[in-house]
**Student:** 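Quick one: the structure is below, and I'll ask about it shortly.
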Amino acid sequence: MSLAEQTAFADLTSLAEYGAQPEYASDAFEELASWVRDIAALTKPARIHWVDGSEGERQALLDDMVRSGTLIRLNDELRPNSYLARSDAGDVARLESRTFIASEREIDAGPTNNWAEPVAMRATLTELFDGSMAGRTMFVVPFSMGKIGGPISQLGVQITDSPYAVASIEIMTRVGEDVTELIADGAEWVRTVHSVGAPLEPGEDDVAWPSNDEKYIVHFPDTLEVFSYGSGYGGNAILAKKCYALRIASVLGRDQGWLAEHMLLIRVISPEGRAYHVAAAFPSACGKTNLAMLRPTIPGWSVETLGDDITWIRPGSDGRLYAINPEAGFFGVAPGTGESTNVTAVETLRENVIFTNVALTPDGDVWWEGLTEEVPEQLTDWQGQPWTPDSGRPAAHPNSRFTVAAAQAPSIAEDWEEAVPLDAILFGGRRATNVPLVAEAFDWAHGVFMGSTISSERTAAAEGTVGELRRDPFAMMPFCGYNMADYFGHWVRMGAELTNPPRIFQVNWFRKGDDGGFLWPGFGENSRVIEWIARRLDGSADAVETPIGRVPSEGALNLDGIEVSRDDLEALFAVDPDSWLAEADLTEEFYDSVGDRVPGALREQLQALRDRLQTAKRG
Ligand code: GTP
Ligand code: SPV
Ligand code: MN
């Protein structure tokens, strides 16, 4: 069956059967309903649809998008119940330059965020959103971050005129009437409003991916609101994700004593059956999804997935930290995901997936760079153009992604929706030089120092020059909803209250040799580093001190069964005092740029590092 024929048969249900406003007689529900009416009065949509999260509604929505050309239904035999979306070429990633924190006081946004004066920003947004949904359906999407009704969960509602965003939110969060019921019962919720900014004149034909050249992603942390205009892509449009679960939630965490972090979450199980819970913060497109789905190459070890992008962390009454993944799906980078790098992801993607900006094969399946070793001879690229290996451009966009339910991963932990006690926290980034494969922090304060000094080479996940080195403390530079220096202080204080804090490590899978190639094989082989970390936790692996932290002593890193030359191993762990002293100077500059609220404890850590480096240099 050709794609065109499939499309013609897809129309079996109708979205119009769904979408009625639910009926609850409570003041709390009336507050929600009146907010919806207010947004509708401003944005002037053709109709309002309350999303109930049912299977029938979801299928009708998808069928509707196939009919309108927003989605291509993939070949059902090869990729059941899966779809491809092609975005506008100008709407392919998060836009940090268009992301704003509109806090009452500028100092609360801090120098690392774009601050916007809230009253002026509201006026700007009112003008932009005025009539912005004309001719479109305005969807009301109630969602829960964390399992519905869970003790650490938080609720929200997204209003959006993008059916693609609705379908994505339904995968990435828990959506539906159970959430509306909790809101009607008086639970707190966050207001998020999204418009692609492409009103339709009567009779005007729509495009496959409506968007607007003018883009705004605006957070009001004081009133817990998000407004996003002009983009339909990823974190710009799935507002529960970066906007709420990180930027707004980090502010809630500051005020309420918890942490909202850009971290994956896994359970590592040793051959003896001991479980370790590990969270890891790596910047965008630096390996979180891959580590979350790690398939260890070393015998006896296994890893269960709990989360791949965001972790909420709270202190428990026993002096430990407890963590949940607030999301329900993965919005993962496609390129580089293949049988040889991440089998688990490939298996997860067998069915029920929305792909965005990947290439289409002639038989109606998807492809991207790195999926298979063999490159197909003929493809349709992410922009819908014919493509061959000689085309001289990637077939899939470097930030092309898959959206898939977490529960579908073969590696998902059975109890993945429950909170787990944290044993270790990892900080990492893409560093071609200087940063060793793994180093253990001396204590909590040193670990927080490590997190605060993370820098990484830019990736395609946001605008900017790919490869350029930039600071990305805690991998939160684009996602911290308040003053970065205050955030550092919050981390320092959180540890002080713990009697049994997780141990902190820095990792770097991306160090390169003189030939420009990666020194470390990465992916499944990262289990060797995880093994050393777990063995450190139970006190059975040896380490040697370097000025920047503890690294595996000779023979402590399990290298059975892989070929890493002695030279490469040395290069992977080399700590050059001069380059680190230069790095320390840059850290001082960075701290100065973050402002005079950087905690004294971190300034002291910097001084102590310099002292250790000077000693090493003399020695
Ligand atoms: P976001 O979803 O943007 O937050 O990204 P992420 O941190 O989840 O990154 P992801 O796991 O999707 O990896 C991004 C890219 O890094 C992919 O192209 C991977 O193939 C590549 N990558 C991941 N792990 C490794 C590794 O251990 N070694 C090397 N060389 N590349 C890796
Ligand atoms: C990231 O950029 O860190 C992502 C993708 O996880 S997005 O949801 O677009 O922010
Ligand atoms: Mn991310």
Side-chain angles (χ1 to χ4, degrees), residues 87 91-96 99 165 168-169 171-173 217 228 231-247 261-266 280-295 297 305 307-311 325 327 329-342 344-346 356-357 368-371 394 396-403 426 428-432 437-438 456-464 466 472 475-479 507-512 517-530:
S87 81
D91 191 19
V92 294
R94 282 185 298 102
L95 290 169
E96 295 176 7
T99 300
S168 304
I169 300 162
I171 296 173
M172 297 304 297
T173 76
I217 300 106
S228 172
S231 167
Y233 204 87
N236 302 337
I238 308 166
L239 304 187
K241 196 170 171 57
K242 299 305 164 77
C243 298
Y244 181 178
L246 289 178
R247 298 194 190 96
E261 298 299 326
H262 191 202
M263 291 179 177
L264 66 91
L265 186 62
I266 52 176
F282 308 157
S284 301
C286 290
K288 286 185 301 303
T289 301
N290 278 271
L291 188 59
M293 297 182 178
L294 180 77
R295 192 166 292 189
T297 52
T305 308
D308 86 321
D309 197 53
I310 298 177
T311 301
N325 162 25
E327 301 191 278
F330 307 129
F331 181 58
V333 177
T337 306
E339 292 284 349
S340 62
T341 56
N342 190 345
T344 306
V346 172
T356 306
N357 288 345
W368 52 79
E369 281 70 18
L371 175 62
H397 187 277
N399 192 39
S400 57
R401 294 202 176 232
F402 51 80
T403 312
L426 278 44
R430 262 176 208 268
R431 289 297 305 267
L437 181 63
V438 57
S456 187
E457 290 145 27
R458 277 187 188 277
T459 66
E463 84 271 38
V466 172
D472 195 349
M476 283 288 278
M477 191 65 131
F479 307 120
V507 299
N508 177 26
W509 318 140
F510 300 94
R511 200 163 184 173
K512 289 181 175 170
F518 290 117
L519 288 165
W520 180 248
F523 301 104
E525 306 298 357
N526 293 335
S527 55
R528 297 166 188 279
V529 175
I530 299 295

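Please read all numbers here as calculations on a predicted model, not as lab measurements. For the single chain, residues carry numbers from 1 onward in sequence order. Because only heavy atoms are used, hydrogens play no part in the values below, and waters and symmetry mates are left out as well, while side chains stay in. Atoms within each ligand, like the ligands themselves, are counted from 1 in listed order.
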**Student:** For ligand 2, is Phe479 a contact, meaning one of its heavy atoms is under 4.0 Å away?
**Tutor:**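 A heavy atom of Phe479 does come that close to ligand 2.
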**Student:** Under 4.0 Å between a side-chain nitrogen and a carboxylate oxygen: does that hold for Asp472 and Arg458?
**Tutor:**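 A salt bridge is absent here (no side-chain N lies under 4.0 Å from a carboxylate O).
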**Student:** Among all protein heavy atoms in this structure, tell me which lies nearest to atom 7 (S) of ligand 2, with the distance rounded to 0.1 Å.
**Tutor:** Gly235 N, 3.5 Å
**Student:** Determine whether the side chain, the backbone, both or neither of Phe330 has a heavy atom under 4.0 Å from any heavy atom of ligand 2.
**Tutor:** neither
**Student:** Side chains of Glu525 and Thr297: any donor to acceptor distance under 3.5 Å?
**Tutor:**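 Yes, because at least one side-chain N or O of Thr297 sits under 3.5 Å from a partner of the opposite role on Glu525.
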**Student:** Would you give the angle at the Mn ion (ligand 3) between His262 atom NE2 and Asp309 atom OD1, to the nearest 10°?
**Tutor:**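 Between NE2 of His262 and OD1 of Asp309, at the Mn ion (ligand 3), the angle is about 90°.
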**Student:** When only distance counts, is His262 in polar contact with ligand 2, meaning an N/O pair under 3.5 Å?
**Tutor:** yes
**Student:** Quick one: are His397 and Thr356 in side-chain contact, heavy atoms under 4.5 Å?
**Tutor:**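 No - every pair of side-chain heavy atoms lies 4.5 Å or more apart.
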**Student:** Please output the residues near ligand 1 using a strict heavy-atom distance under 4.0 Å, listed in chain and residue-number order.
**Tutor:**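 Close residues (ligand 1, cut-off 4.0 Å): His262, Pro283, Ser284, Ala285, Cys286, Gly287, Lys288, Thr289, Asn290, Asp309, Phe331, Val333, Pro335, Gly336, Arg401, Arg430, Trp509, Phe510, Phe518, Gly522, Phe523, Asn526.
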**Student:** Going by atom types alone, do Trp368 and Asn357 pair a side-chain donor with an acceptor below 3.5 Å?
**Tutor:**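 No, no side-chain donor-acceptor pair sits under 3.5 Å.
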**Student:** Which protein heavy atom lies closest to atom 6 (O) of ligand 2, and at what distance to 0.1 Å?
**Tutor:**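 Atom 6 (O) of ligand 2 sits closest to the protein heavy atom Lys242 NZ, 2.7 Å.
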**Student:** Would Lys242 count as a contact for the Mn ion (ligand 3), in the sense that one of its N, O or S atoms lies under 2.8 Å from it?
**Tutor:**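 Given the 2.8 Å cut-off, Lys242 counts as a ligand of the Mn ion (ligand 3).
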**Student:** Are side-chain heavy atoms of Arg431 and Arg511 found at a separation under 4.5 Å?
**Tutor:** no
**Student:** At a non-hydrogen distance cut-off of under 4.0 Å, which region of Phe331 contacts ligand 2 (side chain, backbone, both, or neither)?
**Tutor:**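 For Phe331, only side-chain atoms sit under 4.0 Å from ligand 2.
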